[in-house]
Student: 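Just passing along the structure, written as C-alpha cells.
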Amino acid sequence: MSHLGYASAAQFTSRNVLLGNSSMPSSRSFVGSELTGHSSRNLNASQVFVKRQRLGYCPLKVVCADYPRPELENTVNFIEAAYLSSTFRNSPRPQKPLEVVVAGAGLAGLSTAKYLADAGYKPILLEARDVLGGKVAAWKDEDGDWYETGLHIFFGAYPNMQNLFGELGINDRLQWKEHSMIFAIPNKPGEFSRFDFPEVLPAPLNGIWAILRNNEMLTWPEKVKFAIGLLPAMVGGQAYVEAQDGLSVQEWMRKQGIPDRVTDEVFIAMSKALNFINPDELSMQCILIALNRFLQEKHGSKMAFLDGNPPERLCMPIVEHIQSLGGEVRLNSRVQKIQLNEDGTVKSFLLTNGQVVTGDAYVFATPVDILKLVLPDDWKEIAYFKKLEKLVGVPVINVHIWFDRKLKNTYDHLLFSRSPLLSVYADMSVTCKEYYDPNRSMLEFVFAPAEEWISCSDTEIIEATMKELAKLFPDEIAADQSKAKIIKYHVVKTPRSVYKTVPNCEPCRPLQRSPIEGFYLAGDYTKQKYLASMEGAVLSGKLCAQAVVQDYDLLVARMQKELAGQPMSSLK
C-alpha cells in the first residue's frame, strides 16, 4: 500500500468533536503540495504541584520542570560544528554577492540560505507552501491551537542544530528534560520502565549504567550478550558503523548472537522512532549511528522540546537573520520545472504561478521524492541522479488528541509507547510552554509504521489510536470514550517523509555538489554523517553552502562566459 497515499502531497485533516454531541462534527481537509514529516525520540518525568490559594483552592496544576542546558560546548562534535559555522562568517567577502536560488524552506533550505548569507551571498529562498519548516511545519486551528507535522526532539548529540540555536540567540527556547529514556511496559498497562543516565558519570559509563540498572526490560544474560555484541561497534568506530549498512537491525543482532528478545524489547521502539519502520527493514547503520552518538557523548541522549511551534519559534529567527543580511524568502513559490541551457546546465526555475526565477547558482533543498518529480529528463541517466531511485520517502502519520481532562499517567518527557501502531508520544500540554494547559491534556503521537494506514480515514486512525491508548492509560482512557473524552483531534498524514533507511542505501546518498555546474542539493537524505533527521538537514545545508562558497571562482567564470555569449561547459 506504499503508493496509495502518494500524491506528492502531505494531507492534513482536523476534526472538532463537540462534547455530548459527537454527531455534529465540523471538519476541514487541506491538501498541500510539499512532502513533510519527522519524528523524534526519548522521554522523562514531570512534577505535579498543588498550589493552594489563601482563600479556597485552585485545580491541580502540572508544571513543566525544565532542566538546565547541558554543557555541550566542550564536546569535539560541537567544536567541529562551531568551526564550520565560523568559516562562513570569516570567509573573504565576495566581490560580487552571488544570487543563489534555493528551493525548499525546510531546515535544509533554511540552513543553506542562512550560511550563504553569513558568507556574503544573496540567497533567494523559495517555499512552495504558505508555511515554513518542511518536515517541521505546523498549523494553527480555528481555536488557536497548533498541530504539527511530527513530534520533534532536540538531542544533545545534535551539534550543528545546537550551534544554530546559539548563533540565532535562541538557546532559551529549548526546554531540556531529565536525562532518561522511558518505555511503556506492554504486559503491565499503565507502567513504565526507565533508563536513567547518572550525571556524575562520563560517557559511555553513564549509558552502560543506565542499561545495567534497568531490570524490567532485559535479563542479566541478555544484557551481557547485548554488551558483547556491541563491542565491535564501540571499538571499530565510524568505519565499522558504515560497513554495517548492508544488514538490517534484525540480521545484525542475530549475527552478533544477541537474543531476539533484545530486539523486541528495545529496538522495535528505537527503529520506529528513528525511521518509522521495524527492525526487519531498517539498516543497522542507522541504529549504530544513534548509539555511537548516545554512548560516546555524555549529554548525547539528553533531550529537549522546543518551547512552541517550530515555524515561529525556530524557522522565523532563521528567516529574519537571512533577511537582515540581504537575502529573500518567498512563500507560495512552487518550482514547476527546472529549465536548462543548451549545455544542460540550469537556466532558471519556472514556478507554478508562471514566474521565472534566475540566479548565479541553484540549490534544491526539498525531500528527495519532490526532486525526482521535477528532475529534467536530460539528467535522469546521469549516475549521480540515477542512484536516487532507491531513496524513497517513508509514510508517517502524526496524531494530536485533546482530552476533556488532565491525564495523570504522563510525564514531562517523550515516551516510547512500544505499541504496534504508535511509536513515541508526549503530553504536549506538559512538555511545551506554548501548549501548556493546566486542565486538559493534548497527546501527540507518531503513528508508525504507517504504510498500511496512510490511505485509511482519520476516523479509522483515531479509533485504532484510542484502542492503543486504552492499554497505556487503562484507568483513564477507554476505547469507547466512557472515561476521558475527545474534545477534538488533528491527523497529519505524510505519504513521503524521510527516506526509508533500508540496507544498502548509503551508497545512493548524493554529495551536495552535483555533476551539473552551478547546481547543488541539500536535504537530510544527502551525504552527511548524521541520520535523516533535523541535525542531518541542518548539516546538509552547511555542507551545501560550503560547496557553493568553494565554487565561487567557477561560478563567476560561468557568469562572465554567459555575459560574453560564449558556450558553457557541457554535462560531466
Side-chain angles (χ1 to χ4, degrees), residues 40-48 65-72 75 153 155-157 176-235 249 253 256-274 279 287-305 409-419 423-426 431 472:
S40 62
R41 329 294 184 221
N42 312 2
L43 24 90
N44 202 325
S46 65
Q47 299 180 4
V48 179
D66 296 335
Y67 284 73
R69 184 176 185 273
E71 296 180 4
L72 304 172
T75 64
I153 299 298
F155 286 94
W176 290 94
K177 306 304 180 182
E178 185 181 359
H179 197 174
S180 299
M181 294 186 179
I182 305 175
F183 292 72
I185 304 178
N187 59 346
K188 296 181 181 179
E191 296 187 24
F192 296 88
S193 180
R194 296 170 60 103
F195 290 87
D196 294 316
F197 294 71
E199 290 296 318
V200 294
L201 294 179
L205 295 179
N206 62 343
I208 294 173
W209 180 263
I211 294 171
L212 294 179
R213 287 277 293 177
N214 182 293
N215 295 316
E216 294 96 354
M217 293 175 66
L218 301 178
T219 65
W220 274 96
E222 288 168 342
K223 292 177 188 177
V224 171
K225 290 179 180 178
F226 180 34
I228 293 173
L230 277 179
L231 280 177
M234 298 183 71
V235 174
V249 175
M253 292 288 183
Q256 297 302 111
I258 299 173
D260 283 350
R261 219 180 73 82
V262 175
T263 301
D264 295 341
E265 290 294 302
V266 178
F267 289 101
I268 288 178
M270 185 173 286
S271 296
K272 294 202 297 182
L274 289 172
I287 290 283
L288 290 177
I289 288 173
L291 287 177
N292 198 27
R293 295 276 65 81
F294 292 166
L295 293 176
Q296 299 300 330
E297 299 178 25
K298 178 177 179 178
H299 303 295
S301 56
K302 189 170 282 190
M303 293 168 261
F305 283 74
N409 197 32
T410 59
Y411 293 82
D412 184 9
H413 214 304
L414 184 72
L415 299 167
F416 288 95
S417 77
R418 300 177 74 201
S419 151
S423 171
V424 290
Y425 72 96
T431 60
L472 293 169

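Values below: every heavy atom of this structure, side chains too, minus hydrogens, waters and symmetry copies. From a predicted model like this one, the values you see are computed outputs, not experimental measurements.
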Student: Indicate the atoms forming the closest heavy-atom contact of F183 with A269, along with that distance.
Tutor: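 Nearest heavy atoms, F183 then A269: CE2-CB, 3.9 Å.
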Student: How long is the gap from CD1 on I258 to CD1 on I228, to the nearest 0.5 Å?
Tutor: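 Here the rounded value is 9.5 Å.
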Student: Looking at NZ of K225 and CG of L218, how far apart are the two atoms once the value is rounded to the nearest 0.5 Å?
Tutor: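 Going from the NZ atom of K225 to the CG atom of L218 covers 12.0 Å.
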Student: Hey, are the side chains of L274 and I287 touching, using non-hydrogen atoms and a 4.5 Å cut-off?
Tutor: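 They are in contact (side-chain heavy atoms under 4.5 Å apart), so the answer is yes.
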Student: K223: what forms a side chain to side chain donor-acceptor pair (under 3.5 Å) with it, not counting sequence neighbours?
Tutor: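 Side chain to side chain donor-acceptor pair (under 3.5 Å) check on K223 returns N215.
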Student: Under the rule for side-chain contact (heavy atoms from CB on, under 4.5 Å), what residues qualify as partners of A426, not counting sequence neighbours?
Tutor: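 A426 satisfies side-chain contact (heavy atoms from CB on, under 4.5 Å) with L151, F305, L414, M428, T431 only.
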Student: Identify, with sequence neighbours excluded, every residue that meets salt bridge (Lys or Arg N to Asp or Glu O under 4.0 Å) alongside D260.
Tutor: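 D260 satisfies salt bridge (Lys or Arg N to Asp or Glu O under 4.0 Å) with R254 once adjacent residues are dropped.
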Student: Quick one, F294 and M181 - any side-chain contact, counting heavy atoms below 4.5 Å?
Tutor: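 The answer is yes, as the side chains (C-beta and beyond) meet within the 4.5 Å cut-off.
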Student: Rounded to the nearest 0.5 Å, what's the gap from CE on M303 to OH on Y67? Could you check?
Tutor: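 Atom-to-atom, M303:CE and Y67:OH are 12.0 Å apart.
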Student: Taking only distance into account, with no hydrogens and no angle test, what donor-acceptor pairs under 3.5 Å do side-chain atoms of residues 197-211 form with protein atoms, sequence neighbours excluded?
Tutor:
from	atom 1	to	atom 2	distance (Å)
E199	OE2	K302	NZ	3.1
N206	ND2	K298	O	3.0

Student: How many angstroms lie between atom CZ of R418 and atom OG of S423, to the nearest 0.5 angstrom?
Tutor: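 Answer rounded to 0.5 Å: 12.5 Å.
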Student: How would you list, by chain and number, every residue that makes a side-chain contact (heavy atoms from CB on, under 4.5 Å) with L72, sequence neighbours excluded?
Tutor: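 In terms of side-chain contact (heavy atoms from CB on, under 4.5 Å), with neighbours along the sequence ignored, L72 is linked to R69, P70, F78, Q162, W176, H299.
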Student: Any heavy-atom pair between the side chains of V266 and F226 that's under 4.5 Å?
Tutor: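 No, their side chains stay 4.5 Å or more apart.
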Student: Not counting sequence neighbours, which residues clear side chain to side chain donor-acceptor pair (under 3.5 Å) with S271? List them please.
Tutor: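 Counting only residues at least two positions away or on another chain, S271 forms no side chain to side chain donor-acceptor pair (under 3.5 Å).
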Student: Can you list everything that forms a side-chain contact (heavy atoms from CB on, under 4.5 Å) with N214? Sequence neighbours excluded, please.
Tutor: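 With sequence neighbours excluded, N214 shows a side-chain contact (heavy atoms from CB on, under 4.5 Å) to S193, F195, E216, M217, given in chain and number order.
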Student: Minimum heavy-atom separation for S417 and L472, please, with both atom names.
Tutor: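 Smallest interatomic distance, heavy atoms only, reads O-CD2, 3.8 Å.
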Student: Quick one: CG on D196 to CD on E178, what's the gap to the nearest 0.5 Å?
Tutor: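 Answer for the CG-CD pair, D196 versus E178, is 6.0 Å.
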Student: Only counting residues at least two apart or in another chain, list the ones meeting side-chain contact (heavy atoms from CB on, under 4.5 Å) with T263.
Tutor: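 Only M253, F267, P279 meet the side-chain contact (heavy atoms from CB on, under 4.5 Å) criterion with T263.
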Student: Q256 and G229: which non-hydrogen atoms are nearest, and at how many Å?
Tutor: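 For Q256 and G229, the tightest heavy-atom pair comes out as NE2-O, 3.1 Å.
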Student: Listed by chain and number, what are the salt bridge (Lys or Arg N to Asp or Glu O under 4.0 Å) partners of E222, not counting sequence neighbours?
Tutor: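 Residues passing salt bridge (Lys or Arg N to Asp or Glu O under 4.0 Å) with E222: R261.
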Student: If you define the side chain from C-beta out and look only at heavy atoms, does anything of D412 sit under 4.5 Å from K177?
Tutor: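 Of all side-chain heavy-atom pairs linking K177 with D412, at least one is under 4.5 Å.
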Student: Holding to side chain to side chain donor-acceptor pair (under 3.5 Å), I want the full list of residues that pass it with N187, two or more places apart in sequence or in another chain.
Tutor: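 Scan of N187 (side chain to side chain donor-acceptor pair (under 3.5 Å), adjacent residues dropped) gives none.
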